[in-house]
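One-based numbering, in listed order, for ligands and for the atoms of each.
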Amino acid sequence: MHLSTPHHAIIGAGLAGLSCALKLQGQGHRVTLFEKARGPGGRLSSRRRLETTFDLGCQSLGAESETFQLQLEVWQKQGWLTSEDQLHFYPPGRMSHLTRQLAESLATPDALQCQTRIVQLQQHPDGWWLTDDQGQQHGPFDQVTLAIPATQALALLETCGSSLATALQQAQQQAVWVAYFVLPAGLHTRKTQSPAVPLRRCTLLNDKPGQAHHLQRWVIEADCQWSEAHQHLPAEQVARQLFELWAACQQTPEPLLLEAHRWLYGFTTQALKQPFLLDNQTGLALCGDFCLGDQAEHAWLSGNLLARALSRPVQ
Ligand SMILES: Cc1cc2nc3c(=O)[nH]c(=O)nc-3n(C[C@H](O)[C@H](O)[C@H](O)COP(=O)(O)OP(=O)(O)OC[C@H]3O[C@@H](n4cnc5c(N)ncnc54)[C@H](O)[C@@H]3O)c2cc1C
């Protein structure tokens, strides 16, 4: 371990990884975030289609804890979120706006390395070394944090034989299918409504702040039971089935766009009930929503609380 400023590698730039990175940087630590996707956000990300965007994961942010409520209000003051009732918070325009803003707040532009999927962790005398899927090595790091879904984290822990794997096996996350579609302009607009099983939530994106559009854009989520049962169906078939369930008993024209996305580890069905996992001996840690629950709040709190623990001097 280096006696100078500790250098942390964080794998995963979802809300948990970003929250951990920003807190550590605020405490004077060096941080490098690795993200396999083209941009940050994870399950807060949005997809571009037909010159518009679709929020495919998280639809709004809310807080049960005072800590996260205060954080939401800070982001609101910065103009990164809006809210009419101080209960439901939305980034203006699209969900990924928030995580883009958070990523841009990182101290140095090279603190976030996107399109870098980490596939192996190795501990050497000079620290931790990470290998990406192109065979490139990154390191050495004093500390490595996995801020990725539990099943993906387990696979990475196996590459270095960490004892954290035993505790992590208690967390369960399930697949979620989401269909998104566009209806032609000029139709009678159905409002965002409470759906019938197996649809868990149907959101008219046009209803969200800053998302007015001349076309009706919908995102509909299947519940975990349906998603698990249809996990291996091709996306086109899932999109059609979910659309027909949504449109049942109503005359609805053929959508201009109809697609589906599967979040393989979408929702936590069993949380660890502890804010993070940390092995001080090896310098390996885990954070993510699955530590505390199934909401964005849990991801942010987990990353933040881990960063606080990592900033404390080791006894
Ligand atoms: C359909 C759906 C709807 C939801 N709706 C809501 C809602 O309305 N309100 C709410 O509060 N919450 C909602 N949630 C939950 C919320 O989105 C999550 O709790 C939160 O985004 C999880 O953040 P995270 O950082 O823990 O994980 P993630 O967002 O999954 O971030 C993990 C990141 O790690 C990256 N990654 C994975 N493996 C690697 C690797 N090997 N190398 C590099 N990078 C890697 C991934 O690409 C990803 O960016 C919803 C979730 C889903 C799926």
What is the closest protein heavy atom to [atom], and at what distance does it sit?
atom	answer
atom 25 (O) of ligand 1	Ala16 N, 2.9 Å
atom 38 (N) of ligand 1	Ile148 CG2, 3.6 Å
atom 47 (O) of ligand 1	Glu35 OE2, 2.6 Å
atom 50 (C) of ligand 1	Phe267 CZ, 3.7 Å
atom 26 (O) of ligand 1	Asp289 N, 3.0 Å
atom 6 (C) of ligand 1	Cys58 CA, 3.4 Å
atom 12 (N) of ligand 1	Ala296 N, 3.3 Å
atom 27 (O) of ligand 1	Arg43 NH2, 3.1 Å

Any side-chain donor near an acceptor of the partner, [X] and [Y], under 3.5 Å:
X	Y	result
Glu297	Ser65	yes
Gln170	Lys273	no
Gln71	Asn304	no

Check each of [options] against [atom] and report the one with the nearest heavy atom.
atom	options	value
atom 32 (C) of ligand 1	Ser45, Gly42, Ala147	Ala147
atom 41 (N) of ligand 1	Asp133, Ile10, Ile118, Thr203	Ile118
atom 53 (C) of ligand 1	Gly41, Ser227, Gly288, Gly266	Gly266

Does [X] approach ligand 1 within less than 4.0 angstrom via side chain, backbone, both or neither, non-hydrogen atoms only?
X	result
Gln295	both
Trp263	side chain
Asp294	backbone
Ser302	neither
Val178	side chain

* To do: Compare every heavy atom of Phe54 with every heavy atom of Phe181, then report the nearest pair and how far apart it is.
  =>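 Smallest heavy-atom distance, with atoms named: O-CE2, 4.0 Å.
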* To do: Report the distance from atom CD of Gln25 to atom OG1 of Thr108, rounding to the nearest 0.5 Å.
  =>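 Separation between the atoms: 6.0 Å.
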* Asked: Between CG of Leu277 and CG of Leu157, what distance do you get to the nearest 0.5 Å?
  ->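 Nearest 0.5 Å value for the CG-CG distance: 9.0 Å.
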* **Within-shell test, His298 vs ligand 1, heavy atom, strictly < 4.0 Å** =>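 Per 4.0 Å heavy-atom rule, His298 does not contact ligand 1.
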* Close approach of Thr116 to ligand 1, heavy atoms, under 4.0 angstrom ->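 Right, Thr116 reaches ligand 1.
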* Could you tell me whether Arg201 and ligand 1 have an N or O pair separated by under 3.5 Å? =>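 Yes; the residue has a nitrogen or oxygen that sits under 3.5 Å from a nitrogen or oxygen of the ligand.
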* Backbone or side-chain N or O of Pro149 under 3.5 Å from ligand 1 N or O ->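 There is no such contact.
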Just which atoms of ligand 1 are under 4.0 Å from any heavy atom in [X]?
X	result
Ala299	22 (C), 23 (O), 24 (P), 26 (O)
Arg117	41 (N), 42 (N)
Leu44	17 (O), 21 (O)
Gln152	37 (C), 38 (N)
Leu15	25 (O)
Ile11	40 (C), 42 (N), 43 (C)
Ser60	7 (C), 8 (O), 9 (N), 10 (C), 11 (O)

* Would you say Val31 and Leu278 are hydrophobically clustered, going by side-chain heavy atoms of ILVMFWY under 4.5 Å? ->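 They do share one cluster, since a chain of ILVMFWY contacts under 4.5 Å joins Val31 to Leu278.
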* same_hphob_cluster(Leu44, Tyr265) at 4.5 Å side-chain heavy-atom cutoff ->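 Hydrophobic grouping puts Leu44 apart from Tyr265.
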* Are the charged groups of Glu228 and Arg262 less than 4.0 angstrom apart, N to O? ->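 No, this pair does not count.
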* To do: Examine Trp75 together with Phe89 and report whether their ring centres are nearer than 6.0 Å.
  =>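 No, the ring of Trp75 stays outside the 6.0 Å limit from the ring of Phe89, centre to centre.
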* Asked: In terms of the angle between their ring planes, are His230 and Trp226 parallel, tilted or perpendicular, with boundaries placed at 30° and 60°?
  ->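 Rings of His230 and Trp226: parallel, under 30°.
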* Leu284 side chain near Leu121 side chain, heavy-atom distance below 4.5 Å ->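 A side-chain contact exists here, since the closest heavy-atom pair is under 4.5 Å.
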